[in-house]
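Below is one structure, written out as structure tokens; the observations come after it.
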Amino acid sequence: MPQCGALPGVKLELMKPSLHAICGKILWVDLASGTFTTEHVPSQVYETYGAGLGLAAYYLYRDIPTHAEALGPDNILAFTSGILTGTTSMLTGRWTVAAKSPLTNTWGDANCGGNLAPAIKQCGFDGIFFKGISPHPVYLKLTHNKAELLDAADLWGKDTVETENTLLQPYGDKPVSVACIGTSGEKLSLISGISNDFGRMAARSGLGAVMGSKNLKALVLLGSYPILASDPQKMKELSVHCVRHTEFQPKFLNGTGTRILSTFLRKIPVQMRQDGILYKIFIKKYGTIALNQYSIETGDSPIRNWSGSNLDFPPQRSESVNPDRLAKLEKAKYHCYACPVGCGGYTSIPGNAESHKPEYESVIALGPLLMNNDLETILIANDKLNRAGMDTISAGGTIAFAMECFEKGLLTLADTEGLDLSWGNDSSILILIDRMINRQGIGNLLADGSYQAAQRIGKNSIQYAIHSGGQELPMHDGRNDPGYSLHYAVEPTPGRHTIGSYQYYELYQLWRKVPDLPRIKSLFYSKRSKYHNPREKAEWAVACSQFVSLLNAAGGCIFGAMMGIHRYPIFEWLNAATGWQKTAQEYMQMGARIQSLKQAFNVREGIPLRHTINPRATGHPPLNQGANRNTFVDLDALVPLYWQMMGWDPQTGQPPAPEMLSEGDLHDSHH
Amino acid sequence: MTHTINRECVGCVLCVHYCPVDAIRGEKKKLHTIDPVICIDCGVCGRVCAFKAVEDGAGNLVAREKPTEWARPVFDYQICVACNLCNMICPTGVIGAQHPDGHKRLEILPYLQESKGCIGCAFCESICPTGAIEMLKMVKNIQ
């Protein structure tokens, strides 16, 4: 076995930008032998599945053998970049990482902003695919004409921020992009993710463990090749149009205003149709934390491991996570590549350190979900998890599970080594996070998520693990917006909040560009109507799934899409960038093909296509107080309709045979 | 059509050194060629050529300019939206991002971190969606 650290760099074929916006090739890295292969991607693949998520789906379906072990050598880890990334479009800088998930044993993908996405294409590749397992820790260094696997022994054991600092040190101020795992990925924690830009995480599906299992610590991308669009003038016109909308920023809204507004909205029996521009104003001013109190008040945030309601966490208690409080700590704004909105930020945290501003999901998962209202604890816990490379949503969900088990007597002080896991005990939360990161004692039990922990604890503790298909649910309550529950249950990647819900459908306003999609005409509608008319709701969900699959293939950001499709002209950008002449409907079909291909991956794995969701999260039994009292989601009615409208078998969820992937194409020379 | 090198080339390899994407092939004292597939039309080869050997896509000779006289980007932070497109498109990677001194904005904004490395291609100016970048020539002897 050659020592990868001693391998000379391999000269790569220079990029051939004969295709506009896309590079036309991908890089295969065989970690076992330390060899590199360039594979040209037929243009038909791009036309069928796009790039980004679609490209990953195509090659992973083709090359991962059935029932491959997720943490074994046969699993493939893909880093891909979208069609629009690197062209001059706005809010299109997200990279996708995909592999078979070790957490759910289904298709697994996660995406993240930052500056890594254009860097992949600037090295001349639409994707970097890793297979095999390296005999010792390595990292990949890639420029537009040279690839090297270098020894990472010194980096092993370092957290994400230290790793990135060490890797960037030799390059001074040069724009270099790094993706890496922290210590929890190295320790194969099934809820670990992959970080870039000092702790921004592609966190879900446990893909950090896949990277750790391959002994791959980091990617360092140094390419600087410009990406060309077919019609640069049109691209710029469209970008100017988009930027003009993002610049509209009235100053009258503040954090307390969001709370008062949300209490009012909770008390009235009707719900207002949302327009994305309002959402954009909040996001640009505060980031996703703008929704902290708003979501708690309106019943969107789960409280007390999904068993409580907004009345258990009233405004007096949630005042500590008021967006104005967090905004005061913000030292600098953080923009991803190609983003004029800039929802991120650097925040000072206790101990005179700086860290990424926590997201809404992290604040709720480490706050109200655990009945914790101490902002310092949330900030420190968020920083610890980002540094260790652990998913804040899953970590919060797992701690909530442990706390409920402790309350119900399934975990005792002897099990927790003296740690008092009663609700809201902030010092215990921090100690428990440390133990989970280091896999010590009770932390070892919890480091693989609540579902795995429940299997080991037994005693019917699974009823307290709020999961979908094995992954902890995000901080959006399906009892308040049943669209979330539907997507948690039917998406090929279970338990994801970044794809669709009824509110997302309102915000995307897809009907403005895609004919035949139902338009939401009235400004107000009854709150009860959310639980009726499953046929219409399934149609909305199908549109969201198709659109977001396309968005992920284009490298687009969901916050751009939430401004409304007329302000975020993604279909027009795609045509101007690639030179294709596709209609919006054809692009939606591209999204549908990606979704079906991911579903086909799960079919081949033989896992249940309707993921098991903890019944508590769908209102079985329903809550008896608060914003979501007496509401429940009828997934039995929604799921078959979703499958049917997706073009899948309404009884079994079986999709049609994937295009361009007949038996002959599978398991070719790469195996 | 991309930039091309005509018969006037004497093979001084100056353009080879300046090309940010390694598109120019050629040995010392031999005629150089530009790979049209790799060339990004930044035109730096023409601006450094002392022998009038580089033509642009339309067939016009590219005039020589001293590197110290090349136009370089100047940023207007009043209208910059911190989208980082300029940072990404810069073929030489000399545009960095930092917190500008003495400015009230919270954003981390682009700046020219190494004016010597800038090749004056103006890609940043053309890509900016708000017109916040202007290419200006440095004026000597400002009193």
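Since the structure is predicted, the reported quantities are computational estimates derived from the model, not experimental observations. Below, chain A is the first sequence line, B the second, and so on; all start at residue 1.
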- Top of B:S126, B:G96, B:C80 for chain A proximity - count of heavy-atom pairs under 4.5 angstrom: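 So the answer, after comparing B:S126, B:G96, B:C80, is B:S126.
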- Message: Please check this pair: side chain of A:H335 against backbone of B:A82, looking for a donor-acceptor N/O pair closer than 3.5 Å.
- Response: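 Yes; at least one donor-acceptor contact below 3.5 Å.
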- For B:I89, does its backbone N or O pair with a side-chain atom of A:Q122 as donor and acceptor, under 3.5 Å?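 Side chain of A:Q122 to backbone of B:I89: no pair is present.
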What are the two closest non-hydrogen atoms of [X] and [Y], and how far apart are they?
X: A:A338; Y: B:N84; result: N-CB, 4.3 Å
X: B:T130; Y: A:E247; result: CG2-OE2, 3.9 Å
X: A:K333; Y: B:E107; result: CB-CA, 3.8 Å
X: B:P129; Y: A:M90; result: CG-CE, 3.6 Å
X: A:G86; Y: B:M88; result: O-CE, 3.2 Å

- Check against side chain to side chain contact (heavy atoms under 4.5 Å, CB included), B:N87 and A:Y337: CA-CA 9 Å; B:N87 182 326; A:Y337 153 79; over 6 Å; no
With a 4.5 angstrom heavy-atom cut-off, is it the side chain or the backbone of [X] that approaches chain B, or both, or neither?
X: A:V240; result: both
X: A:Y334; result: neither
X: A:C336; result: backbone
X: A:T87; result: backbone

- Where does B:C42 contact chain A at under 4.5 Å (heavy atoms): side chain, backbone, both or neither?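 B:C42 has no heavy atom closer than 4.5 Å to chain A.
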- Item | Contacting moiety of B:C86, where chain A heavy atoms sit under 4.5 Å |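 No part of it gets close to chain A.
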- Query: Around atom NZ of A:K141, are there more than 12 heavy atoms of other residues, nucleotides or ligands at under 6.0 Å?
  - Reply: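 Incorrect, the count does not exceed 12.
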- Can you measure from CG (B:L85) to OG (A:S89) and round to the nearest 0.5 angstrom?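 Answer rounded to 0.5 Å: 8.0 Å.
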- Query: Just how far is it from atom CE of A:M235 to atom CD1 of B:I127, taken to the nearest 0.5 Å?
  - Reply: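 Answer rounded to 0.5 Å: 9.0 Å.
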